[in-house]
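One structure below.
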Amino acid sequence: EVQVAESGGGLVQVGGSLKLACTASGSTFDGYGIGWFRQAPGKQREAVSCLNPVDGRTYYANSVKGRFTISSDSAKKTVYLQMERLTPEDTAVYHCASVPSLSIETTCPRYIYLERWGQGTRVTVSS
């Protein structure tokens, strides 16, 4: 497990963009995948996107395919989530977490059941 800190959330209008950052502290993401997850009020946590930085394999939830892009900058120990064409349904608290990297393109949704989460970063999309 890697300690992480999320940033970049905020208030944006429908159709706008935001770029979230997930930065590792005290260690690196070496040997791990990284996932972005979100939880809207009253809803179950959802896996948004995951990345294996070694082979570039990714997972995207159907609801964000074509709008969100996950990427990494190993020198900065940071993983980004670029979010475009935001809708009110994207309103949630977004968390990142280190996850097992094996077959991440299919296993990502399992990690919504991780036991520990950071504070996350809040994204609010106003209509």
Item to check | E46: partners by salt bridge (Lys or Arg N to Asp or Glu O under 4.0 Å), with sequence neighbours left out | outcome: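 R38.
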Checklist entry - Can you list the residues that meet the salt bridge (Lys or Arg N to Asp or Glu O under 4.0 Å) rule with R67, with sequence neighbours excluded? => result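 So R67 forms a salt bridge (Lys or Arg N to Asp or Glu O under 4.0 Å) with D90.
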To the nearest 0.5 Å, how far apart are [atom1] in [X] and [atom2] in [Y]?
X	Y	atom1	atom2	result
F29	S98	CZ	OG	7.0 Å
S103	R57	OG	CZ	6.5 Å
M83	K19	CE	NZ	11.5 Å
I34	S71	CD1	OG	10.5 Å

Checklist entry - Does the side chain to side chain contact (heavy atoms under 4.5 Å, CB included) test come out yes or no for Y59 and N52, once each step is laid out? => result CA-CA 9 Å; Y59 165 89; N52 181 336; over 6 Å; no
Checklist entry - So Q82 and S17, side chain to side chain contact (heavy atoms under 4.5 Å, CB included) or not? Walk me through it. => result CA-CA 8 Å; Q82 178 70 48; S17 303; 4.1 Å; yes
Are [X] and [Y] close enough that some pair of their side-chain heavy atoms sits under 4.5 Å apart?
X	Y	value
I104	V99	yes
C22	L81	no
C96	W36	yes
L20	E6	no
Y111	P100	yes
L11	S126	yes
T28	K77	yes
Y60	I70	yes

Can you name the closest pair of heavy atoms from [X] and [Y] and give their distance?
X	Y	result
L18	V12	CD1-CG1, 4.1 Å
G31	S101	O-OG, 4.0 Å
V14	S127	CG2-CA, 3.5 Å
T121	S7	OG1-C, 3.9 Å
A97	L114	CB-CD1, 3.7 Å
E105	T58	CB-O, 3.3 Å

Checklist entry - Do Y80 and L86 share a hydrophobic cluster (ILVMFWY, side-chain heavy atoms under 4.5 Å, transitive)? => result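 Cluster IDs for Y80 and L86 differ.
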Next on the checklist: I'd like to know whether the aromatic ring centres of F37 and W117 sit less than 6.0 Å apart in this structure.
Outcome noted: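 Ring centres of W117 and F37 closer than 6.0 Å.
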Next on the checklist: Using only atom types and a distance under 3.5 Å, with no angle test, would you say the side chain of T91 pairs donor to acceptor with the backbone of V125?
Outcome noted: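 It does hold such a pair.
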Checklist entry - Would T23 and T78 count as having a side-chain donor-acceptor pair, cut-off 3.5 Å? => result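 A donor-acceptor contact under 3.5 Å links the two side chains.
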